[in-house]
**Q** 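Here it is: the structure, laid out below.
Remember, predicted model here, so these are calculated numbers, not experimental data. Labels below follow one simple rule: chain letters A, B, ... track the order of the sequence lines, proteins then strands, and each chain is numbered from 1.
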2 protein chains.
Amino acid sequence: MRKKKPAGADAKLSRAAAQRLSQYLRCLAVVGPTASSADLARSVGVSDAQVRRDLGALGHLGQRGVGYDVTALAAALRKTLGIDRPWRAVLAGVGNLARALLRYRGFRQHGFEIVGLFDADPAKIGTTVDGLTVEPIGRLAARATDLRVELGVITVPADAAQEVADQFSAAGIVGILNFAPVLLRTPAGVVAVTVDLTVQFEQLAFLVTRREPTAPELRPSARGGLEGRRSR
Amino acid sequence: MRKKKPAGADAKLSRAAAQRLSQYLRCLAVVGPTASSADLARSVGVSDAQVRRDLGALGHLGQRGVGYDVTALAAALRKTLGIDRPWRAVLAGVGNLARALLRYRGFRQHGFEIVGLFDADPAKIGTTVDGLTVEPIGRLAARATDLRVELGVITVPADAAQEVADQFSAAGIVGILNFAPVLLRTPAGVVAVTVDLTVQFEQLAFLVTRREPTAPELRPSARGGLEGRRSR
DNA sequence: CGTTGTGAACTCATTCACAGCT
DNA sequence: AGCTGTGAATGAGTTCACAACG
């Protein structure tokens with residue numbers, strides 16, 4: 001009743017599926033001129049059927065009997081992920097994490113350019129980090145238009161995150177990457193992705209506590225051997 | 001055939017479910033002496049049925065007509081997540097991200113203690129960060145036993161990550177938090193959680209590119225109104 | 001009453017298995 | 001011969017809906 005089947009090039013993609021596409025893209029750099037679904041599966045830690053299902057949704061990119069052309073596939077992945085063009089972003093909260101993100105080589109390289117820094121701390125305003133001068137957060141709305149930014153990164157403490165998100169939204173930013181451990185409420189049309197490092201740490205404690213005594217292929221990130229899996 | 005149904009206190013929990021438990025725990029700090037599933041649902045951005053299903057799996061913690069006792073629930077969540085005791089961890093790769101993690105107040109507070117730093121760069125060895133002296137990575141195996149660490153954090157470049165993971169595993173570490181954008185291969189009994197920041201950034205670009213023109217309650221992190229959802 | 005706990009229904013995602021190309 | 005693309009089968013995860021209970 002919703003919709004029957006868009007069936008075109010790109011139907012709809014779950015979030016998890018989109019994350020896998022990013023991973024396929026990352027692995028493509030390594031392999032040869034063509035890659036088979038089994039190759040990618042091994043690199044990313046999923047089944048080959050999963051790879052074919054994911055890539056099949058992007059259109060007919062593979063050649064039967066051969067595999068996927070790496071160049072064409074990379075272009076298709078980038079297009080689907082929306083990274084076939086540069087993205088301009090600002091960052092609020094110039095702490096250690098912000099510095100780490102700024103120096104993380106690969107962001108600009110991947111098409112993400114941080115063009116403005118904002119902070120509430122008067123001591124930080126006016127200082128320069130990585131060639132950018134920190135501005136007062138109140139200036140955000142005025143500057144966002146000039147800078148033509150679409151994305152905002154939040155690296156402020158949890159109790160200030162919602163306020164910054166509101167300011168981002170008001171400034172016309174349509175995507176927020178949030179490192180504060182809170183659920184952001186955003187108006188329709190503004191999407192937020194939250195990366196909660198504490199959750200990841202707790203996830204690790206959880207997995208270690210209840211890891212199977214010996215489970216070769218249970219965890220995708222921890223597969224030991226890839227011998228024949230089922231008996232048919 | 002695997003197992004029928006442990007049915008006891010804690011059956012089995014998917015990874016996503018465990019992440020939600022972390023989020024419930026975080027939200028508990030804020031609310032009053034008791035919290036209803038609807039309260040938690042609102043704070044975390046999931047349905048109330050989801051909350052009840054998740055918490056029901058931990059045992060009978062709720063009181064009908066009242067809700068969940070915050071103190072008891074927090075204790076149960078911590079126990080299930082395996083953070084009802086401290087965890088000792090070492091960190092390999094003392095760059096900006098490492099510094100950010102070290103200064104991230106809340107790690108020690110949440111029971112994660114970083115007790116050793118390792119790096120391959122001779123210029124960094126011997127320097128002190130946050131009260132810890134950076135040691136050569138070759139010392140890892142020898143020191144890990146002394147330090148009685150169980151977890152390791154990888155913040156080295158991608159091409160060195162697998163090597164560090166191998167050294168971690170050899171040193172008896174059973175859980176790895178990996179910030180390098182690669183799939184780690186680990187022996188059975190060693191689990192790895194990978195946090196790939198580039199994937200998150202690309203995820204954001206993806207969501208922004210294909211966000212619905214106006215979708216009030218589509219994204220859990222972006223729900224606008226919570227009026228009656230279905231017509232019954 | 002209000003809220004939990006939980007079968008049953010349902011939706012979404014993954015795997016199987018093989019026809020169809022190259 | 002090899003590998004993709006994809007219906008069909010299976011499985012996992014989520015929501016519905018309501019009886020049970022304080």
**Q** Would one find a side-chain N or O of B:Tyr68 under 4.0 angstrom from OP1 or OP2 of C:dG5?
**A** yes
**Q** How would you label the contact of A:Leu55 with the nucleic acid (heavy atoms, under 4.0 Å): base, sugar-phosphate, or nothing?
**A** nothing
**Q** Who pairs with A:Asp69 by salt bridge (charged side-chain N to carboxylate O under 4.0 Å, His left out), at least two apart in sequence or on another chain?
**A** none
**Q** Could you tell me how far apart B:Arg52 (CZ) and D:dC16 (P) are, to the nearest whole angstrom?
**A** 11 Å
**Q** A:Gln200 and A:Asp196: side-chain donor and acceptor closer than 3.5 Å?
**A** no
**Q** Would A:Arg85 and A:Glu150 pass as an ion pair if we require N to O under 4.0 Å?
**A** yes
**Q** Among side-chain atoms of A:Asp39 and A:Ser36, is any donor-acceptor pair under 3.5 angstrom?
**A** yes
**Q** Relative to the ring of B:Phe112, is the ring of A:Phe201 parallel (under 30°), tilted (30 to 60°) or perpendicular (over 60°)?
**A** tilted
**Q** Could you check how far CG of A:Leu61 sits from P of C:dC21, rounded to whole Å?
**A** 18 Å
**Q** Would one find a side-chain N or O of B:Ser47 under 4.0 angstrom from OP1 or OP2 of D:dT14?
**A** no
**Q** A:Asp48 has an atom CG; how far is it from atom P of D:dG5, in whole Å?
**A** 13 Å
**Q** What pairs of nitrogen or oxygen atoms, one from the protein and one from nucleotides 8-13 of chain D, lie under 3.5 Å apart?
**A**
| from | atom 1 | to | atom 2 | distance (Å) |
| --- | --- | --- | --- | --- |
| D:dA8 | N6 | A:Arg53 | NH2 | 3.0 |

**Q** Just jot down the ring-ring contact (aromatic ring centres under 6.0 Å, His included) partners of B:Tyr24, sequence neighbours excluded, or say none.
**A** none
**Q** Atom CG of A:Asp54 to atom P of C:dC12: distance rounded to whole Å?
**A** 17 Å
**Q** For A:Ala161, give me all partners under side-chain contact (heavy atoms from CB on, under 4.5 Å), at least two apart in sequence or on another chain.
**A** A:Ile154, A:Val156, A:Asn178, A:Ala180, A:Val182, A:Leu184
**Q** Could you go over nucleotides 19-22 of chain D and give all protein N or O partners under 3.5 Å, atom names and distances?
**A**
| from | atom 1 | to | atom 2 | distance (Å) |
| --- | --- | --- | --- | --- |
| D:dA20 | N3 | B:Arg64 | NH1 | 2.7 |
| D:dG22 | O3' | B:Gln63 | NE2 | 2.8 |

**Q** For C:dT6 and B:His60 - does any side-chain N or O of the residue sit under 4.0 Å from the phosphate oxygens OP1/OP2?
**A** yes
**Q** Check ring-ring contact (aromatic ring centres under 6.0 Å, His included) between B:Phe206 and all other residues, then give those that pass, not counting sequence neighbours.
**A** none
**Q** Does atom CD of B:Glu163 have more than 12 heavy-atom neighbours, drawn from other residues, nucleotides or ligands, at distances under 6.0 Å?
**A** no
**Q** Starting the side chain at C-beta, find the nucleotide from C:dG5, D:dT4, C:dT3 nearest to B:Ser36.
**A** C:dT3
**Q** Reckon A:Ser37 has a side-chain N or O less than 4.0 Å from the OP1 or OP2 of D:dC3?
**A** no
